[in-house]
K.L.:
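The following block contains the structure, expressed as structure tokens.
In what follows, every heavy atom counts, from backbone to side chain, and hydrogens, waters and symmetry copies are set aside. Numbered from 1 within each chain, the chains take letters A, B, ... in sequence-line order. All values reported here derive from a predicted model rather than from experimental measurement.
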Amino acid sequence: MGDDSSRSAVPATFPRIWAVIAAIPAGTVLSYGEVARRAGLPRRARLVAQALRAVPDAMPLPWHRVLRSDGRIAFPADSLGFREQCNRLRSEGVEVSATGRVRLAAAAMSLDELLWRP
DNA sequence: TCGATGACACATT
DNA sequence: AAATGTGCCATCG
């Protein structure tokens, strides 16, 4: 019956990936690999990338908190997406180098600071 | 079915 | 820090 599998064609893994990304606290960042791992999809970082491309515009997702494993923004430095991600991260207090590099440890630490003090 | 592609990861150099 | 090569996996023509 209602076989809509030929119409929407949204992989079952996407919603899980989106949920993980939505759960990333402001001011912190995660790598594609980490997101995949937390979504129960180890070694599928590239699938995370595809899931991000497929995010409906109506869905507000903190996509800017997802970086490469080396702490770099995945977009080319001259692209619009790069600048947008840069701005969003800095708005949350994350330090981003001119080349788009972020210290993952430092970003994770910013949350610790909040919890560290009483 | 096969080959090319991609908002990646990892090891080496 | 940056460049290169290899591995992975779903999607597409």
K.L.:
For A/L52 and C/dC9, what is the distance between atoms CG and C1' respectively, to the nearest whole Å?
P.N.:
16 Å
K.L.:
Looking at A/R90, I'd like to know if its CZ atom is crowded, meaning that more than 12 non-hydrogen atoms belonging to other residues, nucleotides or ligands lie closer than 6.0 Å.
P.N.:
yes
K.L.:
Rounded to whole Å, how long is the line connecting atom CD1 of A/I17 with atom P of C/dC9?
P.N.:
14 Å
K.L.:
With a non-hydrogen cut-off below 4.0 angstrom, is A/P76 in contact with a base, only sugar-phosphate, or nothing?
P.N.:
nothing
K.L.:
For the pair made of CD in A/Q85 and P in B/dA7, what is the distance, rounded to whole Å?
P.N.:
13 Å
K.L.:
Measuring only the C1' atom in each nucleotide, how far is C/dG7 from B/dG6? A whole number of Å is fine.
P.N.:
14 Å
K.L.:
Using atom P of each nucleotide, how far apart are C/dC8 and B/dT12 to the nearest Å?
P.N.:
15 Å
K.L.:
Only one of A/V48, A/I17, A/L47 clears side chain to side chain contact (heavy atoms under 4.5 Å, CB included) with A/Y32; which?
P.N.:
A/V48
K.L.:
So among A/V102, A/V94, A/I24, A/V35, which one has a side chain to side chain contact (heavy atoms under 4.5 Å, CB included) with A/R65?
P.N.:
A/I24
K.L.:
Please report the distance, rounded to the nearest Å, between CZ in A/R38 and C1' in B/dA9.
P.N.:
17 Å
K.L.:
Below the 4.0 Å mark, does C/dC8 have OP1 or OP2 next to a side-chain nitrogen or oxygen of A/R44?
P.N.:
no
K.L.:
Starting at atom CD1 of A/I73, determine the distance to atom P of B/dA9, rounded to an integer number of angstrom.
P.N.:
14 Å
K.L.:
Could you tell me whether A/G81 contacts a base, only the sugar-phosphate backbone, or nothing, with contacts defined as non-hydrogen atoms closer than 4.0 Å?
P.N.:
nothing
K.L.:
Between A/E84 and A/R88, does any side-chain N to carboxylate O distance fall below 4.0 Å?
P.N.:
yes
K.L.:
Quickly work out the A/D70 CG to B/dC8 P distance and round it to whole Å.
P.N.:
10 Å
K.L.:
Using a cut-off of less than 4.0 Å, is there contact between a side-chain N or O of A/R46 and OP1 or OP2 of C/dC9?
P.N.:
no
K.L.:
Can you tell me how far C1' of B/dA4 sits from CD of A/Q50, to the nearest Å?
P.N.:
13 Å
K.L.:
On DNA chain B, compare the nucleotides closest to A/R37 and A/F75; which residue's is nearer the 5' end?
P.N.:
A/F75
K.L.:
Are OP1 or OP2 of B/dA7 and a side-chain N or O of A/R68 less than 4.0 angstrom apart?
P.N.:
no
K.L.:
Is any side-chain nitrogen or oxygen of A/R101 closer than 4.0 Å to OP1 or OP2 of C/dA1?
P.N.:
yes
K.L.:
Determine whether any donor atom in the side chain of A/Y32 lies under 3.5 Å from an acceptor atom in the base of B/dA7, or the reverse, and answer yes or no.
P.N.:
yes
K.L.:
Give the rounded distance in Å between these two atoms: CG of A/L104 and P of B/dA9.
P.N.:
10 Å
K.L.:
Would you mind telling me which of B/dA7, C/dA2, C/dC8 lies closest to the side-chain atoms of A/R72?
P.N.:
C/dA2
K.L.:
Return the minimal non-hydrogen interatomic distance between A/A51 and A/W18, and the atom names on each side.
P.N.:
O-NE1, 2.9 Å
